[in-house]
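Comments concern the structure below.
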Amino acid sequence: MKVRQVEGEIEYVNADEKFVNHYFGLEDDLQVIAESINKDAHVSRALEAYWGLRLIRQDPWECLISYICATYKSIPAIKHMLNNMAQKFGEKQVLDGNNFYTFPECKALAAATEQDLIGCGLGYRAKYVLTTAKKIREDNFDFEALRKLPYLETKKVLMQFSGVGAKVADCVLLFSLGKSEAFPVDVWVKRVILNHYGEKLSPEVLQRIEKSESLSTGDYERLNRFGRSYFGKYAGYAQEYLYHYERITV
DNA sequence: CGTGGGCCTGTCTA
DNA sequence: ATAGACAGGCCCA
């Protein structure tokens, strides 16, 4: 499948238009979403600066494993790891004479050894990926069933997997399970909140997260809850715009 | 039940 | 060039 964007127009080259629209969130009504999350001048600036930014709908399995791998890693390093895994455990596809590798199936990773995965550069994450893949296979786990559950319940289920804490769970909920109220708090979102929403938190909490490098479980919950209650049912979209704005612009 | 320390290793900077 | 810091957090004590 091949698709590209040229001058704001999307070209569907041998691609399933319906799939592409769904995958890139093109069906989402940005006007409605923007009205819903446009609570203050700062998020308003972010919306204007990156108008058109949307949430993708990844495959939940792929999303889960990718974010397990993403912990405590830089983005280039994450890409590298995922490429290694795809080459070693994915299926080869040829398009226009170029080789590509699909994201590995659960079956393939469950059959891997820890050393295989360490060889892909996963480090200590190898154990998490392996344990999670095996559990999904043993339980015959159904990601689709999660779509019917409410946000908090779904999050609890995901957090039972090895290597999945609140942040990873929130990312999977947002980017693959359609839970638009999920509000992942990573280091960048933490900076957003410190720099622009400090007055929304209690002074004690504010002071604590300012001086600490990492986020405790409790403080993650507090920032996450702030995002969801302040921005509402499309908090995840607010998160995306604010995150992007903080990374690129500020 | 909440909190702090340790962690594989690829990238980037000094 | 090569060492050292840091990275889209999680687990365990």
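Chain letters run A, B, ... following the sequence lines, proteins first, then strands; residues in each count from 1.
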Write out all pairs satisfying salt bridge (Lys or Arg N to Asp or Glu O under 4.0 Å) with one or both partners inside residues 154-167 of chain A, taking only residues at least two apart or from two chains. A/Lys155-A/Asp170, A/Lys155-A/Glu221
Applied to residues 34-47 of chain A, the salt bridge (Lys or Arg N to Asp or Glu O under 4.0 Å) test, sequence neighbours excluded, yields none
Which other residues end up in the same hydrophobic cluster as [X], if Ile, Leu, Val, Met, Phe, Trp and Tyr are linked when side-chain heavy atoms come under 4.5 Å apart?
X	answer
A/Phe100	A/Leu95
A/Phe19	A/Met1, A/Val3, A/Ile10, A/Tyr12, A/Val20, A/Tyr23, A/Phe24, A/Leu26, A/Ile56
A/Val13	none

Is the A/His244 ring parallel, tilted or perpendicular to the A/Tyr50 ring (thresholds 30°, 60°)? perpendicular
Look at the rings of A/Phe226 and A/Tyr197 and say which category their plane angle falls in: under 30° parallel, 30 to 60° tilted, over 60° perpendicular. tilted
Dot-bracket summary - DNA chain B, pairs being Watson-Crick or G-U whose distances fall under 3.5 Å, with | when paired to another strand: ..|||||.||||||
Report, as yes or no, whether the 6.0 Å neighbourhood of atom [atom1] on [X] holds more than 12 heavy atoms from other residues, nucleotides or ligands.
X	atom1	value
A/Glu114	CD	yes
A/Glu199	CD	yes
A/Gln207	CD	no
A/Gln87	CD	yes

Just to be sure I understand the rule, does A/Tyr243 reach a base, reach only the sugar-phosphate, or reach nothing, if contact means heavy atoms closer than 4.0 Å? base
Under the salt bridge (charged side-chain N to carboxylate O under 4.0 Å, His left out) criterion, do A/Glu138 and A/Lys135 qualify, and how do the steps go? CA-CA 5 Å; A/Glu138 280 167 19; A/Lys135 184 172 164 64; over 6 Å; no
Would you tabulate the pairs of protein nitrogen or oxygen atoms and nucleotide nitrogen or oxygen atoms of nucleotides 1-5 of chain B closer than 3.5 angstrom?
none

Any residue in residues 168-193 of chain A with a heavy atom nearer than 4.0 angstrom to DNA chain C? Just list them by number, or reply none. A/Val168, A/Asp186, A/Val187, A/Arg191
Contact list please: residues 156-165 of chain A against DNA chain C, heavy atoms, distance less than 4.0 Å, in numerical order. A/Phe161, A/Ser162, A/Gly163, A/Val164, A/Gly165
Checking A/Arg208 now: which residues fulfil salt bridge (charged side-chain N to carboxylate O under 4.0 Å, His left out) with it, not counting sequence neighbours? A/Asp219
Nucleotide by nucleotide, 5' to 3', does protein get under 4.0 Å of the base (B), only the sugar-phosphate (S), or neither (-) in nucleotides 9-14 of chain B, counting heavy atoms? BSS---
Carboxylate-amine/guanidinium contact A/Arg228 A/Glu181, below 4.0 Å: no
If the threshold is 4.0 Å, N to carboxylate O, is there a salt bridge linking A/Asp142 and A/Lys148? no
With P as the reference atom in both, quote the distance from B/dG5 to C/dG8 in angstrom, rounded to an integer. 22 Å
Using atom P of each nucleotide, how far apart are C/dA13 and B/dC8 to the nearest Å? 14 Å
DNA chain C: first to last nucleotide in contact with chain A (atom under 4.0 angstrom from a heavy atom), 5' to 3', is C/dA7 to C/dC11
ring-ring contact (aromatic ring centres under 6.0 Å, His included) partner of A/Phe161, chosen from A/Tyr128, A/Trp61, A/Phe141: A/Phe141
